[in-house]
Amino acid sequence: MKLLFRDYLSSLREREELDAILPDLLSELGYTVFSRPQRGTSQAGVDVAAVLREDGERKVFLFTIKQGDITRQSWGGDSPQSLRASLQQILDNYLQNRLPKGLQGLKVVICIVFGGDVQEQVRADLTGFEKAHSTERISFDEWNGDKLAELLLNGILREELMPKETRSHFQKAVAMLEEPTISVSHFRKFAQLLTKGVDSDKSRVRVARQLFIATQVLFVWGRDADNLEAAYQASELLLLNIWELTKPHQGKSTAASRSIQFVLTFSIQLHLSVANEFLVRKVFPAAKHRDAIGMAVRSRTSVDVNLALFDLLGRIGLLGCWHWWLASLSTGDEAQELALKGLDEVAEAGVQLIRNNSALLLPLQDQHAIDIALFLTFLVNSNRNAKDVRNWLSEMVERLSYTVQLHGKYPCTLSDYSDLLAHPRARTDEYRKEALPGSILIPLLAAFVSALGDGESFEAIVSLKKDALKECTFQFWTPGPDTESRLYMSNGHDHGVALLEVSLENGGADLLNWIHEGCVNDADFEGLSAIKYNFWPIVLTACRHHRMPVPPHFWIGSIHDAPGSKTEEQTITTEESLGPSSV
Amino acid sequence: MALAPVPSDEEIVALFEAGTLVAELTTYHERDEDGDNLFAARCAALHNSRRIDLVAVVKSEAFTALTPSRFFTAQHVFVAAIPDIESPHRELMELCDLLVEKGGADLAANQPNAAIRIWFAKHPNEAASVVREALDGDELSRKYMTFALQAEQLIETSLEIAAQFSDERRLSAIAALGWMDYPDAGIRKSTAEALLCYLDASEPDLTRANALQGILKIAEPLSAPDLISKIIAAAVVTPGDQTLHSLSVVLWLNAKAFRSEDKAEVLNALKSLNPTNKGTLDQLDHALSQMVSGPDEAIALDFLRDLLLAHDISIELFDSLEHKLRNGDPQRLFRLMIEWFLIGKRSLCEKIPSLIVEDRPLPNDFTPEDAKLTAKQIIFIFRKALGYLFIKPVVCCSVLVWALRSGNDEAQTGALVHLFDIILVSYGGDASDYLRTIADGDPAYPLVVKALAKQHNYHEKLKSADNLKELVPSEFQRAITSKRSHDEITEAHKNAQRKSVLLNLVTRQVILYGHRTRSYVFGPDGKHKTVDMEMHSFSTSFEMPRGDILDPVGLGHYLLVFRAEKFL
């Protein structure tokens, strides 16, 4: 276990990784953290500052954090980020100007924190510096990877707080990173055991921190193994678990609430880091090339390709939604511009993925309506690529008609993998009734093609419903009174409300009105904690992770008012583009 | 296979008395020094001496229960024995009748008839009796009258019978005339001309059918093309199913006597055949197969095309022709494919995949005749080729290269797009290898180079996602896919074994270990002989189209459109 953390710590990057766990670690060890890492502001060499009573005496601890080993370069290079420069800044600037008044008389320990070791050729310089600047008031300490691992294991992750069985699942999750399904299943069990019986503010904060660190370990190891699949899913699980732990603290300003809010913020950052590392760094460049992503699935069956691509599209949609959420929160022109650039990049990559992988023109599983809805939610609300969307959905409806009528590989509700491989097992109406007894995909398509003015596609769906899919139950799903308690943690599908009798006969406008009426002032939707506290991407994350349909509330507001007239030239107002809150 | 020693007379009698002679009849026996069937001769002699009764043996339950392969082994003994049997003709006819009936529809079932013909020739009085009894109406004699007439060379009698009767006795007489040896050409010709009246459209279909075969058999050695044309002209007037069948038979068996126009006339008449008459299709298959590769190849192929257009029948019914077209001149196959795809009818196009089984390059020169095709026609042709032959990428490339050689901008642009988007994106191996053989100086060369460069670029770009381990299916999924794949292959193997003609004939042995087999057989000298057999592996492979994995729906849709589109 110690080796695992030692390796993990040595792989941590300074920004948002090592400095993200240190404050929590310190809090767990009894330190009072009074300064946390901040971006874009001068820190005068101090990343984290805390106070601790040691041997009956209060001392100030100033932590300066460096990634990996301390090398000649990181010790004394020209960069202002070098360790020597940081230490000098602490001595010359922080201690002179920035130490809070109430702490100015206290002894100061300057802690050099790094995930690895001090390399031999730097040792003498560092020791020399420490000796030269040590006084009765100022002393130095070194927290290397070994010490940090020790502190983690004896602190936040000590056996009383993380029992053997829990640790075992975590270790298996790390060990099985190359088999993500197994890894995630162990991580899920780990999270379940950890969150079981959490009943106090203190335990909520502690468990949240433990989950965060464990997810980060998985991420770092996954990054080293160049396989982020388990880390991606674990980061979604982290968000949903943390949200469940955070819910009682929303709107409160107690110390525990603040602490857990910090963990939530870092968890969102961690999820976005994993998503960026996987999607932006690995997937997006390949999405520009025809069939590259499909071929990367390395399968001899089209089923795997189809499942992987739609899953990917859902993740891109979700990432887009997170960016859109961040953009809506960002203040200042520069931040706005940066956020919008992120939105553009995600939207463009998603469209390229579709353009270059024609398997995305029709899903094999009806439940991939969730991924399509996530991507559409992102695109229509952020007003991007309406023309591409129209073409995409038009092609999808054409393929749907063709496959349904010829008993081909039409979307089905089968979930067993063997059944999917064999689909269509028979080219008969009877089999089709079994394979596609209901659909969330087709009504979603009907709503969007109608809103995008594609009457021909809408009529094709109407025609399917009248004939080949007469007995298929078209439906939407909306949250119900029981959803709040089930959505984030449960993977059960038996909560919420199925909106049936989706009528297409009176045209697309009527369909959109009907959906809109069902969504307006929907107390159950508005009552979801993540909606109430404006963390609505958490709901989408839960939908994606637990395979629940995306409630139409997320997109109906953006497409309802202008059915059939939305083109790529049109813009959506900022207010509209904020999505669910505009419903 | 070791041959059993021939049992002695006493042993044969003992077997007969024990009721187990049938088993011995189904055993292969050693021959005598001259290669004659000693066992059959002994059986005949014992029958003649009334020590055994071969008719009783054939009537026995054990004989009735014989499987087809064992029956024909036994039948072989009887066919050898019948000419030597000394019995009243009725008993012989009964014996033959039972054997023919038991033989069923098999081609070898009629072998006993040949044997009784020899017998009739040896026993002229008995033959005359059979003719007499037949004319008197005896049912069994009617069946054997043909052989009796033939054995005795009764030309005049046969002509009289044909004129006197209108039932099957006329047919027997006509059939017998066809098999007779004529003393001179004059009698042969007069006999043929005398029978011409039975080809008249007013005659019953069966009479015409028998007359046609009989007359042609008589007339063929005359080398009288005008007479042949006269016979054909009479036969092709409103032919019924039986006459059509006979036309198909004579087109095969008497083809040498036919002029090209006769063949064309016969085939024209055969366009109205009933496609459910498999026997007629079989004969026609032989006839057409014979014509292909000869001077009348075009007539045969035009007929085949028209027949397939008129009747939606499987080309597998023409197995000989199919085999010849498939394995014969590749140039002919290519031209046939181009012609049929241009017509574009499903009933024709869907036959092409049965003809083009191997994925190998076909000679594909763009001929001056091809230059008359419009761009749209050329595009139509190669899209049909893609639609029907997609799983044979090298053949598709042959057609696309043919189009690239057209010099027609529109057709070339279309061919280039389809070459890359449909073929080169899906296939990497043999198709590219074939394209690389297109030499500099070939009109298609610059465009082929362009397509290959695009393919190279495409493959290079695919590598950009090499490190996406996240998308790889789980171990569980991979295991299920492998299992499914294994089950499918096993099932296909079982099906192939069930349908295998070879495996139904031989004893099957499964070798679990080792790479050679050793077995021991008894030689004619009664000594052991070691037979070693080295085992070799055989396999076949084909390239899975990438499109079928990446986007089966889209690919299927494209191919369906290519197959279904019509030339307006």
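Here is the naming used below: chain letters follow the sequence lines, and residue numbers restart at 1 for every chain.
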Practice task
Using the six-membered ring wherever Trp is involved, compare the ring planes of B/Phe390 and B/Tyr427 and label them parallel, tilted or perpendicular (cut-offs 30° and 60°).
Solution key: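 The rings of B/Phe390 and B/Tyr427 sit tilted, inter-plane angle from 30° to 60°.
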Problem - Aromatic ring pairing A/His271/A/Tyr232, orientation class (parallel under 30°, perpendicular over 60°, tilted between) - result: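 The arrangement is tilted - the two ring planes meet at 30° to 60°.
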Which atoms of [X] approach chain B - backbone, side chain, both or neither, heavy atom under 4.5 Å:
X	answer
A/Leu406	side chain
A/Glu395	neither
A/Leu307	side chain
A/Ala230	neither
A/Ser358	both
A/Leu361	neither
A/Leu309	neither
A/Thr301	both

Problem - Lys/Arg cation over aromatic A/Phe219: A/Arg223, 6.0 Å, 45° cone - result: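 Pair A/Arg223/A/Phe219 counts as cation-pi.
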Handout entry: Other residues, nucleotides, ligands: >12 heavy atoms within 6.0 Å of B/Leu452 CG
Key = yes
Exercise for the section: List for me each residue that meets side chain to side chain contact (heavy atoms under 4.5 Å, CB included) alongside B/Asp430, sequence neighbours excluded, and say none if there are none. Expected result: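 Only B/Val394, B/Asp433 meet the side chain to side chain contact (heavy atoms under 4.5 Å, CB included) criterion with B/Asp430.
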Problem - Qualifying residues under side chain to side chain contact (heavy atoms under 4.5 Å, CB included), relative to B/Asp319, sequence neighbours excluded - result: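 Partners of B/Asp319 under the side chain to side chain contact (heavy atoms under 4.5 Å, CB included) test: B/Asp285.
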Practice task
Anything in residues 547-566 of chain B with a heavy-atom distance to chain A below 4.5 Å? Please list those residues in order.
Solution key: B/Asp548, B/Ile549, B/Leu550, B/Asp551, B/Pro552, B/Val553, B/Gly554, B/Gly556, B/His557, B/Leu560
Completion exercise
Listed by number, the residues in residues 463-487 of chain B that come under 4.5 Å of chain A (heavy atom to heavy atom) are B/Ser464, B/Ala465, B/Asp466, B/Asn467, B/Leu468, B/Lys469, B/Glu470, B/Leu471, B/Val472, B/Pro473, B/Ser474, B/Glu475, B/Phe476, B/Gln477, B/Arg478, B/Ile480, B/Thr481, B/Ser482, B/Arg484, B/Ser485
Problem - Distance-only side-chain donor-acceptor flag, B/Ser406 / B/Gln412, under 3.5 Å - result: no
Handout entry: Side-chain H-bond candidate by donor/acceptor type, A/Tyr417 with A/Asp304, under 3.5 Å
Key = yes
Problem - Charged N-O contact under 4.0 Å between A/Asp291 and B/Lys461 - result: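 B/Lys461 and A/Asp291: not salt-bridged.
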Handout entry: Short N-O contact, A/Arg355 and A/Asp388, less than 4.0 angstrom
Key = yes
Handout entry: A/Thr403 (side chain) donor-acceptor with A/Gly408 (main chain) under 3.5 angstrom
Key = no
